[in-house]
Amino acid sequence: MPYGFTTIYWRDMIRFVRFKTLLVSSLLQPALWLAFFGIAMSSSFDKLITGLPVVPGVHMIGYLTFMGAGIIAMTTLFTSLFGGIVILFDKNWGLMREILASPMNRNHIIFGIGLSGVTKSFIQAIIIMVFGILIGAAFFSGFTAVQTVVGVFGILAFVGMFALGFLFLSAAIAISMESPEGLQGVITLLTMPIFFASNALYPIDSFPAFLKILSVYNPMTLLITGIRYFAIGPDFIALGKHYQYTQSDILMAYFGLVVFATLTFGLAYWRFRKAVVT
Amino acid sequence: MPETQQKHGEIIISVENLEHSYKDFKAVDGISFSVKKGEIFSFLGPNGAGKSTAINILITLLAKQKGTASVAGFDVTRDPQKVRESIGIVFQDITLDRDMTVWEILEFHGRLYNMPFEQRRKRIEELLNLVELAAKRDERTKHLSGGMKRRLEIARGLMTRPKVLFLDEPTIGLDPQTRLRMWEYIKGVNSEGTTIFLTTHYMDEADQLSDRISIIDHGRIVISGKPWELKNTLGRDLIYLETNNNEAAVRFLKDLPSIRNMKVKSKGFVLMVNEDGSKVLPLIIDTLRNAGIEISTINLKKPSMDDVFVFYTGREIRDEGHAKTSFRRAGGR
Ligand SMILES: Nc1ncnc2c1ncn2[C@@H]1O[C@H](COP(=O)(O)OP(=O)(O)OP(=O)(O)O)[C@@H](O)[C@H]1O
Ligand SMILES: [Mg+2]
């Protein structure tokens, strides 16, 4: 049954569009973050950095553009970590039994949930990019049309792989938990360090050594690196720091996300094998 | 294998010495039974007897701990995938996504089982008509009545034309009229060749529907057989008596030749007789009158499934816990 996951995907998408409030809030929330947090922070940060030296010939970007990438990543992180909660609901409402008693391969359940989470993250990422440009973020500025298209697909490729990694993790946790409250607790515990020990809001150079190591390997940092590369370019200055990415940096970052997704898939696979749902 | 032989006697569910414990509580305590192809087979038992646990093992949701179990020729542990492809299930409690429509529920199920598009669409129409839900096809399931939900679940269980359909208390919580309709569906489905494994704690349901019944209590099968066979084990007739001295009455009556068993109830006692009860009555009345015992109530009836159940489990299914009905086998020599 090579297409089994599309069945799970189809059902999850039905639910996504059917719960109108959930749909609207999931689309509005990232835009609001960008609007309030982004504008407030950038006005104060941009004031701070006005006196900093300028490297001639290097593109200097405002804070809104810098942290816009962070907002895309953060939204993807939240959406993905909560993506597995549907599994918990299905389990608690007895709906998972129908699926587990069917011949459908367990992997397809994991993949189906993963795919629908990726779809949601794509929609959110695009909303943030469009809205960001509207309120003044310099995404794709100075890009040719082709570069812009490549940029958008590059961002989505990074967002998709990152989302899969955390969706698998979320699915693994959800199938092992009894209550949504428990899941919520675990997720809250996870999001804080993942978000703040990353380059979402500020450069990681100034972090203490220990935190710096953590940040470098944080999937969140890998994702944001990718987004900045594709949205801003390989060479720019933000918050007074000169960022330069080579193609191999970007490939390594993507490879890191692939490894992460593979590991969390393994975890989910194992948890689903063990799951007893009656 | 010749067709006739398949119809009569091919075994489709086979269970031997099945045990299942939750921690150190034995919910299923060594049961053995088999179901033949084309039968309606019932587990009749009170709450907590272990019916759902047994079903969950047969449908591969619970890992088997001890014993052997095979469904449709496949071992539940070695070949769970094959078992899953062969069965349909209606779970004890409603398992419908509240926010999906009737049509979507069936479509989703068909896709889960990898049914081809054309076949799926055709089967959905057939089944919607069968369970009289065609008019509700675009209704979300949360807007259906309890009976409609159950009918939809039965339709879902039938989507894949399973060899065996498991029905865990299919008519629980339904009004008498809807229950009767449900029985008709179940019989109809069975007559088209689907073997049915049913659990219930309704006596009449087991009695009316089943080809064979196993009465299950505390995780064990206490007796199995065709409904009439089970009833016959209680004798031909039951005579209920209330007197001014039940204890003495029992003593006097227990050696009468045609009485095979007796059972003391709270106000009176029941005699199980091997012959036509109306023929035995005069003898009983005479015996008691000669002993100076006064009879206040006499009632003669055929054994029902309730009586069978009470006899073999020692309790009524409805008032379990209280109203202990003591029971003993009289005669026996
Ligand atoms: N997951 C579980 N964990 C612990 N004990 C359980 C679990 N499931 C069932 N039991 C216990 O096992 C026993 C049998 O339960 P089961 O659900 O099989 O009974 P049943 O015959 O289906 O009853 P009912 O008619 O109420 O549905 C009960 O005592 C129940 O409390
Ligand atoms: Mg049950």
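Below, read A as the first sequence line, B as the second, and so on, with proteins coming before strands; counting in each chain starts at 1.
For B:Asp99, the parts lying near chain A are the backbone and the side chain together; criterion is any non-hydrogen pair under 4.5 Å. Heavy atoms closer than 4.5 Å to chain A are found in both the backbone and the side chain of B:Phe108. Contacts between B:Ser86 and chain A at a heavy-atom distance below 4.5 Å are absent for every atom of the residue. Interface remark: B:Arg98 contributes no atoms to any contact with chain A (heavy atom separation under 4.5 Å). Contact annotation for A:Arg97: both backbone and side-chain heavy atoms come within less than 4.5 Å of a heavy atom of chain B. Only the side chain of A:Phe19 comes within less than 4.5 Å of a heavy atom in chain B; its backbone stays farther off. Heavy atoms closer than 4.5 Å to chain A are found in the side chain of B:Ile89, but not in its backbone.
Cation-pi contact between A:Arg106 and A:Tyr269: absent, since separation from the ring centre below 6.0 Å together with deviation from the ring axis within 45° is not met. With a 6.0 Å cutoff to the six-membered ring centre and a 45° limit on the axis angle, B:Arg179 counts as a cation-pi contact of B:Tyr202.
Taking the side chain as every heavy atom from C-beta outward, B:Ile13 and B:Phe41 never approach each other to under 4.5 Å. Looking only at side-chain heavy atoms (C-beta outward), B:Ile57 and B:Leu18 come within less than 4.5 Å of each other. When side chains are defined from C-beta on, B:Lys163 does not count as touching B:Thr195, because their heavy atoms never get closer than 4.5 Å.
Chain B forms the most heavy-atom pairs under 4.5 Å with one residue out of A:Ile14, A:Asp90, A:Val276, and that residue is A:Ile14.
Aromatic ring orientation, A:Phe111 versus A:Phe168: perpendicular (interplanar angle above 60°, classes split at 30° and 60°).
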